[in-house]
Novice: 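The structure under discussion is supplied below as C-alpha cells; questions concerning it will follow.
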Amino acid sequence: MEYNFLQIEKKWQKYWADNKVYRVKVDHSKPKYYILDMFPYPSGAGLHVGHPLGYIASDINSRYKRLQGFNVLHPMGYDAFGLPAEQYALQTGQHPAITTDINIKRYREQLDKLGFSYDWNREIRTCDPEYYKWTQWAFIKMFNSYYCYDAQQARPIEELISVFEQQGTKDLNIASTEELSFTAEEWNAKSEKDKQEILLNYRIAYLAETVVNWCPALGTVLANDEVINGLSERGGHPVEQRKMRQWSLRISAYAQRLLADLDAIEWTDSLKEIQRNWIGRSEGAKMFFSLKGRDDKLEIFTTRPDTVFGVTFMVLSPESHWTEQLTTSAQKAKVDRYIDHAKKRNERERMADTKNVTGVFTGSYAVHPFTSEDIPIWISEYVLAGYGTGAIMAVPGHDSRDYLFAKHFDLPIIPLIEGCDTTHESFEAKEGKMINSGFLNGLDVKDAIKKAIDEVENRGIGERKVNYRLRDAIFSRQRYWGEPFPVYYKGEIPYVIDENYLPLTLPDVDKFLPTKNGEPPLGRATKWAWDTVNNEVVETSKIDNNTIFPLELSTMPGFAGSSAYYLRYMDTKNNEALVSKEANGYWHNVDLYIGGTEHATGHLVYSRFWNKFLFDINVSIEPEPFKKLVNQGMIQGRSNFVYRINGTNTFVSHGLKDSYQTTALHVDVNIVYNDVLNRDLFRKWRPEFADAEFVLEDGEYICGWAVEKMSKSMFNVVNPDDIVVTYGADTLRIYEMFLGPLELSKPWDTKGIDGVHRFLRKFWRLFHNRENQVYIVDDKATAAELKVLHKTIKKVQEDIENFSFNTAVSAFMICVNKLTDLKCNKREILEPLTILLSPFAPHIAEELWDMLGYKNQSIIIQSFPQLNKAYLVENSFEYPVSFNGKTRFKKEFQLGIDNSEIEKAILADPNTQKHMDGKSPKKIIIVQGKIINIVV
RNA sequence: GCCUUGGUGGUGGAAUUGGUAGACACGCAGGACUUAAAAUCCUGUAAGCAGAAAUGCUUGUGCGGGUUCAAGUCCCGCCCGAGGUACCA
C-alpha cells in the first residue's frame, strides 16, 4: 500500500473522536501531568501556521507523557473577548458574538485536522456566560477584599471595617491608594457614602482616577497601540491624556510575592528577568520637602538619598496634582502651554524621546531639608506620573536625565563624589567618597546611603521605603465586547451584585459605538439597570425608582478572562464553584505551559496575580499557576514580490530587475513555489494581470522576498489547510518542529517541507517491500541495527525532555537513512520506532501499529534498554593528537574504550614522548573518547 | 530610550555549553533507472589558492578589540533584526 496520508489521517482522527480516546478523568492510580497551551484569540483570518508551532510542541509532550504512563490533562479553548471582533462589528454591524462563533468553528476545524490530542470535552470560551460568571465572581471577591501586608495575603473587607470601628487606622499595615489616618470615633461618625469612598482606598478591586488616552472625536479611550504620533490610528483624530475614574486591581500589593515566588518556578532566566524588571523593586527612601510659603510638604521617592546635598531643583510630572497648586500666577500661561504640549504625548513616546529636553518653571520653591536653601520646582515630561510619587528631587551631578535637564536650562550642577568629573556627563556609579555633602562628607557611597536615611528618619522628614515599578492594573475598558462588571451605582458609590445572581450577561445594543455623551457602548442598552429588590436586570428607564440603580457601563479587559482559565479546565462543567477541591486537589497546577514571550509582562503577570488572590481566599491550592513555562518563537510571514516595469504590464524576474525601472508588488505566496512564480495562476490571480508579460531568467520567473509580519494585506498569511492537503498533518507537524529551535522566531518558509515528507515516506517504506506490501520479519536484529535503534531512542528522548524537537527530527532522519541502508525490516527494530515517532506523527504511527497487529499502545518508552556500550565496540576511530592546540600526529583506537585507557596509551606512545619534551602534561582534554588536546 | 532576545554556507539550521565549525534538511550540479516525466537511489556541494587526483594550505560564525594552549561559545565597545514597553491578543 502507498503512504496515503489523507486517508490514514482521516481514518484515525475519526477513530480518536468516535472512541473519545483523549478524554481524561481524575484517576488516582496514575500520576497526573497538566500540559497547557496559551489559548488563541479566534481572529477572522483563521488559524495560521504560527499557531500550531506551540500546539504541536505541547501535543508531542502530551503524547510522550502518556506513553510514560501519566494521566495527561491537555485542554484547549478560546480567548474570545477582544477588540478586533468589536472593530469588525463597528465596520459591518455584525454582532461580535456571531463573528466570534464563526471564527471559532473555523479554528476548530483547522485544529482537528492537525491530529491534536486535546480533550475537547473540556473546551472553554471566555465569552460564554457560564465561563465569565467565574471571572465576575473573582472580581466580586476582589472588591470584597483588602490586602494585609502583615499577613501577606488578601483578607475580607468586613475584617477591615471592624478594625476601623475599633481602632481607626492605627497600626495598620495594609495596601492602599493613599495613606489615610483617622480614629475609630471619626470612622463611626462618617456617613455611609464617606465610608464607602474610604473603603475604595483599600479594596483590591477599586475605583480611582487614572490617566488614559482620550480621543474626543471618537468619544473613546484608545490603547497606546491605537495612537500614532498623538493621533488616533483610526481616522487620524487628536488624542489627549485625560484623567478618568476607572476600575483598577491592586496588583502592586502582590509585588513582593510575585517577585519572590519566581525563584520557585521553572521558567527561563530571561523570562524571569523580564518579570523582575517589570516589577522593578528598588530600595530607597521617601522624603518630604517643605514648600516655601506653604504648610504642606512635597513627597518624593529616591534610591539615592546620599545625593541629597546635590539637589539643585525639583521636578513634577505634568499630570501631578501639585502642578496646579504650585504654579504661580506669573508662570501660569507658560505652564498651561507646557501641559497642553505634554497632553499630546503618551508615556511611551515620552520615554523614547530622550534627546529633546523640555520643561517649565512653576515659580515655586521647595526648601532643602539640610541646607535650607531655596530649590526651584520645575515641571517636565521626563518625570512620569505613574512611578513613585510623580515628583523627584533632581541631582544633576549623578543622574543623566537630571544632568541633561540642568544643562539645557542652565541650572547648577554640584559634584558629590571625590574626583568625579561632571563637566560633560553625570557620574552614576555608586562608588567613591562623598564631598560637598555636609554630614556625609568622607563616607563611602554605600555607607552614605544608610547614614542619609538614618538622618532623614531621625529628623522626621521621611523614611526607608521599598518602591515598585509595577503599577496597579487598570481594569475598565470603554468597550462592548468584554465581561460586564457585576457592579451598580448608588450615586457615585459602587456596589457589587450578590454572587448568587451571576452571571450578569452582556446586553444587546443597537450599535457598538460610544453614546453621544461619551459613555461606553453599554450606555446604549435599554435594559441595563439593577433592581436591588428582585435582583435582576431591568429597563434603564426605571432608574428613578430608588430600588433600581444604573449598572457599570465599562467592561473588563482581555486579560480578565485569561487569568484563571487554567483552573477552569480542571472542572469545566462545575456550576457550584470555579473549580472543585477534588479536581484542584488532583491536577494542582500546570506542569508545562507553552506560549509566546509577547505575554511575558501582560498575561503572565496578571494570571500569577489572579491566582495568588485565589490562593489567598482558599480557592486555588497552589501559589503559582504555571510550574514550567516554555516560550515558542513567533512565525513571521515570508512575503514574495514581483517587479513590474513602470508604466507597463511586464514583470521582470528578480535577478534582472536592476536593469529596469520597476515597482515591487506583493504577490500571493500561495501562487509561488520555492520563489518561482506560477505564471498561469498569476494571470488568473487578478484581472489586471490577465495579460501580463514576463522577462524570465533561465526560463523561470523568480520572485523577490522579505520577512514581514504575517498579515492579510501582505498576501503572506499561510493557513495550514493547504499543506495538510498536499503533504498531510504528520508532515506539517514534523516540519514545524524541524524548522528550528522552538523558542526562536523564524519566518515561515515551505522550502524544506519536501525533505520531511520524504522522511515519512522512507519510514513507511521500511515496513513494505518493493511491491508495497507489508513485509516485516521476526528475525533477531544485528548489533548494527540495535545500535541505530538505541542511539535514536536515547537522542530523541533527551531532545524531547529538552524541547529540542528540531534535533530530535534530525535523529529520526539519520536513523531511517541508516536502516534503509541496512535494509532492516525487523519487528524488533521497527516496532519501538513507531512508538518513538508516535508523538510526532501520531497518524502514521497508529496506521503502522494497526498493520503490525500491535495492540498494546500504552507501552512505556522508558522500558527500552538504553544505549549499550557493547554495540559500539565494532569499528575503530582515528583522531588527531594535538599539543598546545597544534596537531602533531594521528592515532587509531577502538570505539567503546574507556577515557583513562586512551589517556594511558597516548602517554605511552613514543610520538607523545617526543612532543612532551620530557615534561608531564598539565591537562589532557578528552571529549567522547577522543583526545582533543594535550597541554604541556 | 529602556527591558528581553537573536545574527553561523545559496537557504533553514547543528555544534556534546570553552575542545576537529557547518550534523540533518532544502536547493543546486553530475550520474543511475525510464521512450519520457514523476517517484526513487548514488556522488559532490563554506570560500579562496595549489594539484591530474588522492590531498594539502589559507581564510572563515554581524563589526572592532581582549582573555585562553584552544572562542560561534567567555569579557569590553559598536552595528543590525525581532518581541515587549502597562487599553492588541
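Naming convention: chains lettered A, B, ... in sequence-line order (proteins, then strands); numbering from 1 in each chain. Since this is a predicted model, take the numbers as computed values, not measurements.
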Novice: Could you pick out which residue, A:Ala811 or A:Thr597, lies toward the 5' side of RNA chain B when each is mapped onto its nearest nucleotide?
Specialist: A:Ala811
Novice: With the side chain of A:Phe738 defined as its heavy atoms from C-beta on, choose the nearest nucleotide among B:A89, B:U4, B:A25.
Specialist: B:A25
Novice: When you measure from the side chain of A:Asn806, which nucleotide among B:A14, B:G12, B:A86 comes out closest?
Specialist: B:A14
Novice: Applying a 4.0 Å non-hydrogen cut-off, can you work out what A:Glu736 is touching in the nucleic acid: base, sugar-phosphate, or nothing?
Specialist: nothing
Novice: Give the nucleotide from the list B:A23, B:G6, B:U11 with an atom nearest to the side chain of A:Leu744.
Specialist: B:G6
Novice: Return the NE2 to CD distance between A:His51 and A:Glu736, rounded to the nearest 0.5 Å.
Specialist: 11.5 Å
Novice: Report the nucleotide, chosen from B:G83, B:A86, B:U4, that has the shortest atom-to-atom distance to any side-chain atom of A:Met634.
Specialist: B:G83
Novice: Counting only side-chain nitrogens and oxygens, does A:Arg469 get under 4.0 Å of the OP1 or OP2 atom of B:C2?
Specialist: no
Novice: Is there a ring-ring contact (aromatic ring centres under 6.0 Å, His included) between A:Phe812 and A:Phe840? Walk through the geometry before answering.
Specialist: CA-CA 10 Å; A:Phe812 272 122; A:Phe840 293 82; 5.5 Å; yes
Novice: In whole angstroms, how far is the P atom of B:A86 from the OH atom of A:Tyr254?
Specialist: 24 Å
Novice: With heavy atoms under 4.0 Å as the rule, sort A:Leu271 into base, sugar-phosphate or nothing.
Specialist: nothing
Novice: Hunt down the Watson-Crick or G-U wobble partner of B:G1, both distances under 3.5 Å, from any strand shown, or write none.
Specialist: B:U85
Novice: Write down the distance between CD (A:Gln246) and P (B:A86), rounded to a whole number of angstrom.
Specialist: 15 Å
Novice: Of the candidate nucleotides B:U11, B:A89, B:A23, which contains the atom at the shortest distance from the side chain of A:Glu598?
Specialist: B:A89
Novice: Among B:A82, B:C26, B:A89, which nucleotide sits nearest the side chain of A:Asp79?
Specialist: B:A89
Novice: B:C24, B:C42, B:C88: which one has an atom nearest the side-chain heavy atoms of A:Asp821?
Specialist: B:C42
Novice: Pick the P atom in B:G44 and in B:G56, then give their distance to the nearest Å.
Specialist: 16 Å
Novice: Of A:Gln478 and A:Ser270, whose nearest nucleotide on RNA chain B comes first from the 5' end?
Specialist: A:Ser270
Novice: From the options B:A25, B:A89, B:U4, select the nucleotide whose nearest atom is closest to the side chain of A:Met813.
Specialist: B:A25
Novice: Taking any heavy-atom pair under 4.0 Å as a contact, classify A:Ser476: base, sugar-phosphate, or nothing.
Specialist: base
Novice: Measure the distance from CD on A:Glu381 to C1' on B:G1 and round it to the nearest whole Å.
Specialist: 13 Å
Novice: Is any side-chain nitrogen or oxygen of A:Asn817 closer than 4.0 Å to OP1 or OP2 of B:A25?
Specialist: yes
Novice: Which class fits the ring pair A:Phe559 and A:Phe475: parallel under 30°, tilted 30 to 60°, perpendicular over 60°?
Specialist: tilted
Novice: Is the distance from the ring center of A:Phe81 to that of A:Tyr132 below 6.0 Å?
Specialist: yes
Novice: Taking 4.0 Å as the cut-off, does a side-chain nitrogen or oxygen of A:Lys746 come that near to OP1 or OP2 on B:A82?
Specialist: no
Novice: Which part of the nucleic acid, if any, lies within contact of A:Pro40, taking any heavy atom under 4.0 Å across all strands shown: a base, the sugar-phosphate backbone alone, or nothing?
Specialist: nothing
Novice: Let me know the distance between CZ of A:Arg758 and P of B:A25, rounded to the nearest Å.
Specialist: 10 Å
Novice: Think A:Arg761 has a side-chain N or O under 4.0 angstrom from the OP1 or OP2 of B:U40?
Specialist: yes
Novice: How are the rings of A:Phe763 and A:Phe759 set to each other: parallel, tilted or perpendicular (split at 30° and 60°)?
Specialist: tilted
Novice: Across the strands shown, which category fits A:Arg350 at heavy-atom distances under 4.0 angstrom: base, sugar-phosphate, nothing?
Specialist: nothing
Novice: Between A:Arg733 and A:Ala841, is there a donor-acceptor pair closer than 3.5 Å when you use the side chain of the first and the backbone of the second?
Specialist: no
Novice: Describe the nucleic acid contact of A:Lys762 in one word from base, sugar-phosphate, nothing, applying a heavy-atom distance below 4.0 Å.
Specialist: sugar-phosphate
Novice: If you look at every strand shown and take non-hydrogen atoms under 4.0 Å, does A:Val756 touch a base, only sugar-phosphate, or nothing?
Specialist: nothing
Novice: Just the rounded figure in Å: distance from P of B:G13 to CG of A:Asp799.
Specialist: 17 Å
Novice: Aromatic contact between A:Tyr254 and A:Trp610, with the criterion being ring centroids under 6.0 Å apart: yes or no?
Specialist: no
